[in-house]
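All values below come from the heavy atoms of this structure, side chains included, with hydrogens, waters and symmetry mates left out. Remember, it's a predicted structure, so these values are computed and weren't measured experimentally.
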Amino acid sequence: MEPRPAPEWQTTTWLNAPQPLNLERLRGRVVLLHAFQMLCPACVAHGLPQAQRVAELFKSAPLTVIGLHTVFEHHEAMRLESLRAFVHEYRVRFPVGIDAPGPDGDPMPCTMRAYAMQGTPTTLLIDTQGRLRRQVFGVYDDLLLGAEIGTLLVEAEHRTDATAT
């Protein structure tokens with residue numbers, strides 16, 4: 001994928017974050033954004049556990065894991081209080097933003113539309129310069145994800161070394 005500027009997230013609420021997060025605030029860090037729905041079986045069985053493993057394994061690296069709850073179906077069942085309970089029950093520790101609803105009754109949430117996501121789970125990798133480097137719909141292989149994160153972290157280290165000299 002050719003790097004391109006990542007669209008800013010449009011969220012209404014953040015869980016597990018003291019303040020709203022945005023790409024500008026995270027500049028200089030690699031970002032793994034996991035777009036999910038709490039009623040999505042692949043999200044619950046694969047995507048969220050993978051994101052939690054990445055958050056734990058890379059906790060000392062300049063990498064931030066973020067969840068994006070992006071609801072494009074079953075809107076009534078996936079309200080804020082249900083999501084709060086879900087995040088608590090599944091012990092999701094990383095920040096989770098709630099994608100802003102589409103305008104004028106559009107069932108497609110704003111961030112989901114901005115990234116042209118096909119559905120959930122979707123994994124996004126954003127480099128330290130705020131560029132979208134990978135977007136994967138469906139289950140993302142652990143080895144491929146780890147290799148791509150490693151590549152972005154090495155790039156970040158080289159970028160830091162180059163600016164220090």
Begin from the C-alpha positions of M117 and Q135 and carry the test side chain to side chain contact (heavy atoms under 4.5 Å, CB included) through to its verdict.
-> CA-CA 8 Å; M117 292 180 201; Q135 181 166 328; 3.9 Å; yes
Indicate yes or no for a side-chain donor-acceptor contact from [X] to the backbone of [Y] under 3.5 Å, with no hydrogens or angles considered.
X	Y	result
H69	V96	no
T64	V31	no
R131	P5	no
E8	L23	yes
E148	R134	no

- request: Among R4, E155, E2, find the one that has a side-chain contact (heavy atoms from CB on, under 4.5 Å) with R133.
  value: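 Among R4, E155, E2, the one that satisfies the side-chain contact (heavy atoms from CB on, under 4.5 Å) with R133 is E155.
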query: Does the side chain of H34 come within less than 4.5 Å of V92's, by heavy atoms?
result: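 No; the side chains remain at least 4.5 Å from each other.
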#### Entry: Counterpart residues, side-chain hydrogen bond (donor to acceptor under 3.5 Å, both in side chains), relative to N16 (two or more places apart)
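Result, side-chain hydrogen bond (donor to acceptor under 3.5 Å, both in side chains) vs N16: none returned.
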Relative to each other, are the rings of W14 and W9 parallel, tilted or perpendicular (30° and 60° limits)?
->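 W14 vs W9 ring planes: tilted.
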Write down the atom of [X], the atom of [Y], and the distance for their closest heavy-atom approach.
X	Y	result
R27	T128	CD-O, 3.1 Å
G28	P62	O-CB, 4.4 Å
M112	G119	CE-CA, 3.5 Å
C110	P101	SG-O, 3.3 Å
T70	A35	CG2-CB, 3.9 Å
Q50	D141	NE2-C, 4.0 Å

Could you state the interatomic distance from [atom1] ([X]) to [atom2] ([Y]), rounded to the nearest 0.5 Å?
X	Y	atom1	atom2	value
I66	L33	CD1	CG	6.0 Å
H46	C40	NE2	SG	9.5 Å
R84	M38	CZ	CE	11.5 Å
I126	L63	CD1	CG	11.0 Å
L153	R29	CG	CZ	9.5 Å
I98	T11	CD1	OG1	8.5 Å

Review point. Side chain to side chain contact (heavy atoms under 4.5 Å, CB included) between L48 and F94: does it pass, once the steps are laid out?
Key: CA-CA 10 Å; L48 284 168; F94 50 81; 4.0 Å; yes
Working for salt bridge (charged side-chain N to carboxylate O under 4.0 Å, His left out), residues E56 and R53: CA-CA 5 Å; E56 182 60 30; R53 288 191 308 272; over 6 Å; no
**Report entry** Stepwise side chain to side chain contact (heavy atoms under 4.5 Å, CB included) check, V30 with F58
**Finding:** CA-CA 11 Å; V30 173; F58 291 93; over 6 Å; no
According to a hydrophobic-cluster definition based on side-chain heavy atoms being under 4.5 Å apart (Ile, Leu, Val, Met, Phe, Trp, Tyr only), do F36 and F137 belong together?
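F36 and F137: separate clusters.
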| Is L144 reachable from V139 through a run of I, L, V, M, F, W or Y residues, each pair having side-chain heavy atoms under 4.5 Å apart? |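 No, V139 does not connect to L144 through the hydrophobic network.
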**Prompt:** Would the number of heavy atoms belonging to other residues, nucleotides or ligands and lying under 6.0 Å from OH of Y90 be above 12?
**Reply:**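 Not buried by this count: 12 neighbours or fewer within 6.0 Å.
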For this session: Check the pair L124, Y115 against side chain to side chain contact (heavy atoms under 4.5 Å, CB included), reporting the backbone distance first and the verdict last.
Result: CA-CA 9 Å; L124 307 172; Y115 281 87; 3.7 Å; yes
